[in-house]
Amino acid sequence: MSNGYDFAFAIGGAAGQGIATPGNILARIFVRRGLHLHAYNAYQSIIRGGHILLTVRVSDEEVLTHGDGLDLLLCLNQDTMTRHARHLGDGGHVIFNSDDVSPAEVASGVELCGLPVKELTNDNRNKLVQNTVGLGAMLNLMGADFAVLEETLKLQFGRKGQEVVEENVSMARAGFDYAKEHFHPFKKRLPQGKKPLAVWTGNDALAMGAAAAGVKFYAAYPMSPSSGILHWMAKNARELGIMVRQIEDEIGVANVVIGAAHTGARAMCGTSGGGFALMTEALGAAAMMEIPVVFVTVQRAGPSTGVPTKTEQGDLWQVLGASQGDFERIVVAPKNALDAFDTIPELFNLVDLYQCPGIVLSDLLISEGTFSVDPDEVDMQPSIERGALILDGNASDGYERYKDTSTGISPRAVPGLEGYVHVVATDEHDEDGVLISDEFTNPHKRRKMVEKRARKLASFFDKVEAPKIEGPDDADVTLVGWGSTHGVLAEARDLLEGRGVTANQLSIKWIKPFHSDAVTRALSKAKKIIVVENNHSGQFYRYLRSETGITAQGHIRKYDGEPFQPHHVVNGVLDHLGEKKDVERDVFVPYQEILV
Amino acid sequence: MATTTLTELKPKDFKGKVDPDWCPGCGDFGLLNAVQKALAELGRRPHEVLCVSGIGCSSNFPGFINTYGMHTLHGRALAVATGAKFANHELTVIATGGDGDGYGIGGNHFAHTARRNVDLTYLVMNNQIYGLTTGQVSPSSSLGMKTKSTPFGNLERPVNPITSSIMNGATYVARGFSGHGKQLVTLIREAILHKGFSLVDVFSPCVTFNHDNTYDFFRGRIKKLEDEGHDPTDWKSACEKAMEWDDTIYTGLFFKNEEVPTLHELEPVLDEGGPIAHRKPGLTKEQGARILKRMM
Ligand SMILES: Cc1ncc(C[n+]2csc(CCOP(=O)(O)OP(=O)(O)O)c2C)c(N)n1
Ligand code: SF4
């Protein structure tokens, strides 16, 4: 939320037209300059064709969402012009290749910046040429020096050889110079930030968090939008001493990870909702055998295979209810990419302590979004606490794997150690691991083991932070959200203030065990509770009510596959407050200006 | 069990905490005895061995043997065993279970574990029926076999674990019979010694539910490959011999390929530093700094 520079541009075109590369080059320029960014890519499940819109918001202060509007649009095809030119307001600029794309009708004050690409480049060979010319023009309008672009192009294409670098530099130069002569630059010039930042996606953050947490084994089966974790892991694993395996299916993945974790390696797997569905039985197995494993599941729009490239917060109940039986699990929904990074080591310490499964509930918005991060805030050596784990030790006669201790936590020995030979089992077992499922009847032992496992998490609330109200205590409205809506709620609160409405927010990250008391206390003073979530049925609201008995006065829900933008929340709140006349329903779905 | 002196172990030292609860006469006893003998002969210590099973009568195996054990989910023994072996390749990993567990619900893992040549030994107690769920058809049941779920006879042709695992890339493929203990011990011992994925499919009659494939059924038909001068490097002959069923059924080592490296030998992360399970978790300062730098 910046009072200074706040600028959003989009690059639109078909898949295969080369949107990622200019996007990456610009992101690199901004973060090296110390500017913050937040990028969201609206795309389709298609490899060539279709329509993609990459939106990037840049600021000299932290930005929490990709924002509400566009200042600059680069159209790589006619489709983009037709769809999005109307989204720009007074002062906006639309850049396009005037050889191929004809201008659409635009609002007054929008400058149409046609680039005669053929003439400028004398070149018909490469259809990606227009991207580089456009990039040059964009940077000129934004007010960057050409040297900055040149340096980044060298970095980006250096590996491909001198010729490629030179060609790109000259194309960019042509666009830059043409824009200088023919178009009006933006009044606000691209500023210089305080210090260079880094850029990552949420999936990078999850993978890096795992590396920092000491994960030594990662397995997955590819599934959007979680595959980025696998890709980062595969690329960096050798250097970091992490074994990474792509397994035949998610059932195999979860079980392989359980095997690795049982022998003492920190082990993690990643997937999306459909894959997690297949891992379900193994989740319960980890709980019953008391093996610490972390499952990352990245939500996309469902049900079933749903919309693979679109976001939703629709898997909460799946995760809460996954696997048969009655057992404890830890479920956490990070608020943003940096939080996702920090969550993994914290969660590993918890699952090691409590010897139970942990689930990270991310979503496409976090996982596939691109974000700036201050490298000083990234702790690559977080504390690693492995709980009651015996990795080496002296032979101990009479070792019992599932010893019924007062905390319910039993020291865990790994296979290979002399003196601790034992069996772990997914059937109910006694303290020594011997099955009781075959006994005629043994309610006493069964009850003891159920209670032992349940007791383990008694100290959980001492270990993790309780959610807190952010914003003024006596606000008109309290916005309640979970996971990735944290940022959009914060921005919406600022915008609401401009409309004379004070709002605070309660963003919940630790989902299970649930801080029922803390949440009840925090919400006890709320004047009007509005629950905001990215799904249709209000999964979180139902959970909140079941855990606290709290009822909300309103709901803002979005389920079109795109994430919330601040104005969706703002409009929703205003409607609830009766500031727009025509809305009477309790469940309000804001008008969605879908940018795709 | 707190002994560190390397006295020679006897099969009875591998006796588990509880006695098997299998029906008297169940074929699974033969395999249990053979594994205990093989481990003793190999001089393995109980703590060096991890037995992983799925679910089924036969999968209760880890409870009956004195080694580390994991009694996991129906069909998932090979996946769990694979993970354990990856994380600590110094362990002797043995996966055990039934034909339903391994060739039915676990069929996908069976194919892929063979293909990967994971260095573990898979022992299948093949009774051609589902025992624990009280006698339904299994993927190994003969065509026409009447069971509780096929009262008019099985319509589906049985899997052939020998040919299919050879085709999938298994590098040691054998068949035993729990009535032929001596041969079984040899097959299991060699399977454990073999570097790579080894399968020993063991006819283990279910005396309660399978009235077709009884001890007598096998005794009247079994011929041993070692008596026939079979060359286990000849996969074509191995497949031909594995296809025989009616009057002659072969046991012994069908196929062996010692040329293929195991997956953990190929894994560069294991080139140095020992099993990943034993390594210090977390990143060094230098590693952390390098990764961060790449993001800028
Ligand atoms: C997912 C799942 N489906 C079904 C079962 C029930 N089940 C337990 S054992 C078994 C079959 C056992 O047959 P087999 O693997 O051949 O072993 P056997 O008992 O004959 O030794 C089945 C279907 C289960 N435990 N889990
Ligand atoms: S039911 Fe069959 S397989 Fe199971 S223990 Fe009895 S004889 Fe063995």
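Chain letters run A, B, ... following the sequence lines, proteins first and then strands; every chain starts at 1. Side chains included, hydrogens not; waters and symmetry mates left out as well; all remaining heavy atoms used.
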- [ ] For B/Q36 and B/K12, indicate whether the former's side chain and the latter's backbone hold a donor-acceptor pair under 3.5 Å.
- [x] no
- [ ] Look at the side chain of B/Y103 and the backbone N and O of B/G98, then say whether any donor-acceptor pair between them is shorter than 3.5 Å.
- [x] no
Task: Whether B/F61 and B/W22 hold their rings parallel, tilted or perpendicular, with breakpoints at 30° and 60° - done: tilted
Task: Ring-face cation of A/R245 near B/F86 (centre distance under 6.0 Å, axis angle within 45°) - done: yes
Task: Options B/E90, B/Q287, B/H109, ranked by heavy-atom pairs under 4.5 Å with chain A, top entry - done: B/H109
Task: chain A contact via B/R116 - side chain, backbone, both or neither, heavy atoms under 4.5 Å - done: side chain
Open item on the list: Quick check against the 3.5 Å criterion: does A/D249 have a side-chain atom that pairs as donor or acceptor with the backbone of A/G252?
Closed with: yes
Task: Side chain / backbone / both / neither for A/I251 at chain B, heavy atoms under 4.5 Å - done: both
Task: Greatest number of heavy atom pairs closer than 4.5 Å to chain B - which of A/R32, A/E248, A/R28 - done: A/E248
- [ ] Using only heavy-atom distances, determine whether the side chains of A/N349 and A/R386 contain a donor-acceptor pair under 3.5 Å.
- [x] no
Open item on the list: Counting only non-hydrogen atoms closer than 4.5 Å, does B/I55 touch chain A with its backbone (N, CA, C, O), its side chain (CB onward), both, or neither?
Closed with: side chain
Open item on the list: Which atoms of A/A282 are under 4.5 Å from chain B, going by heavy atoms: the side chain, the backbone, both sets, or neither?
Closed with: both
Task: B/T92 side, atom OG1; B/L120 side, atom CG - distance, nearest 0.5 Å - done: 11.0 Å
Task: Proximal component of B/L50, with respect to chain A [non-hydrogen, under 4.5 Å] - done: side chain
Task: Most chain B-contacting option - heavy-atom pairs closer than 4.5 Å, from A/L391, A/L435, A/V244, A/L417 - done: A/L417
TODO: May I ask you to name which of B/N108, B/L78, B/T82 has the most heavy-atom pairs under 4.5 Å with chain A?
DONE: B/N108
Task: Residue among A/A211, A/G398, A/A212, A/A210 with most heavy-atom pairs under 4.5 Å to chain B - done: A/A211
Task: Residue part contacting chain B, namely of A/D432, when any heavy atom lies under 4.5 Å - done: both
TODO: Pick one of side chain, backbone, both or neither for A/R238, based on which atoms fall under 4.5 Å of a heavy atom in chain B.
DONE: both
Task: B/H264 and B/H89 aromatic ring geometry - parallel, tilted or perpendicular at 30°/60° bounds - done: parallel
Open item on the list: More than 12 heavy atoms of other residues, nucleotides or ligands under 6.0 Å from NZ of B/K195: yes or no?
Closed with: no
Task: Distance-only side-chain donor-acceptor flag, A/D427 / B/H71, under 3.5 Å - done: no
Task: Which portion of B/D21 sits near chain A, non-hydrogen atoms under 4.5 angstrom - done: side chain
- [ ] Under 4.5 Å heavy-atom distance to chain A, tell me which part of B/L91 shows up: side chain, backbone, both or neither.
- [x] side chain
Task: Ring centre gap for A/H422 and B/Y68 strictly below 6.0 Å - done: yes
Open item on the list: Quick check on B/T72 against chain A: is it the side chain, the backbone, both or neither that has a heavy atom closer than 4.5 Å?
Closed with: both
- [ ] Check each atom of B/I276 against the heavy atoms of chain A and say whether the ones under 4.5 Å are side chain, backbone, both or neither.
- [x] both
- [ ] Can you tell which part of A/M243 gets under 4.5 Å to a heavy atom of chain B, answering side chain, backbone, both or neither?
- [x] both
TODO: Enter the distance from B/F209:CZ to B/T134:OG1 here, rounded to the nearest 0.5 Å.
DONE: 5.0 Å
Open item on the list: Report which part of A/I247 has an atom under 4.5 Å of a heavy atom belonging to chain B: side chain, backbone, both, or neither.
Closed with: both
Task: Check: A/F371 ring centroid to A/W200 ring centroid under 6.0 Å - done: no
- [ ] Check each atom of A/H262 against the heavy atoms of chain B and say whether the ones under 4.5 Å are side chain, backbone, both or neither.
- [x] side chain
Open item on the list: At a 4.5 Å cut-off on heavy atoms, which part of A/V257 comes close to chain B: side chain, backbone, both, or neither?
Closed with: neither
Task: Residue A/V373 versus chain B: region with a heavy atom under 4.5 Å - done: side chain
TODO: Using a cut-off of under 4.5 Å on heavy-atom pairs, state which of B/C51, B/P275, B/G106, B/A87 scores highest against chain A.
DONE: B/A87
Task: Side chain, backbone, both or neither of A/L240 within contact of chain B (heavy atoms, under 4.5 Å) - done: both
Task: Portion of B/D271 that has a non-hydrogen atom of chain A nearer than 4.5 angstrom - done: neither
Open item on the list: Heavy-atom pairs under 4.5 Å with chain A: which of B/E48, B/K293, B/R290 has the most?
Closed with: B/R290
Task: B/T121, B/T262, B/T171 screened by side chain to side chain donor-acceptor pair (under 3.5 Å) with B/H194, the one that passes - done: B/T171
Task: Side chain / backbone / both / neither for B/T284 at chain A, heavy atoms under 4.5 Å - done: backbone
Task: Between NE2 on residue A/H429 and CE on residue A/M288, distance to nearest 0.5 Å - done: 5.5 Å
TODO: Give, as side chain, backbone, both or neither, the part of A/M208 having an atom under 4.5 angstrom from any heavy atom of chain B.
DONE: side chain
TODO: May I ask you to check whether A/E385 and A/S383 show a side-chain donor-acceptor distance below 3.5 Å?
DONE: yes
Task: Region of A/I384 that comes under 4.5 Å of a non-hydrogen atom in chain B - done: side chain
Task: Side chain, backbone, both or neither of A/Q381 within contact of chain B (heavy atoms, under 4.5 Å) - done: side chain
TODO: Output yes when A/D352 and A/R412 qualify as a salt bridge under the 4.0 Å nitrogen-oxygen rule, no when they do not.
DONE: yes
- [ ] Go through the atoms of B/K285 and report whether side chain, backbone, both or neither lie under 4.5 Å from a heavy atom of chain A.
- [x] both
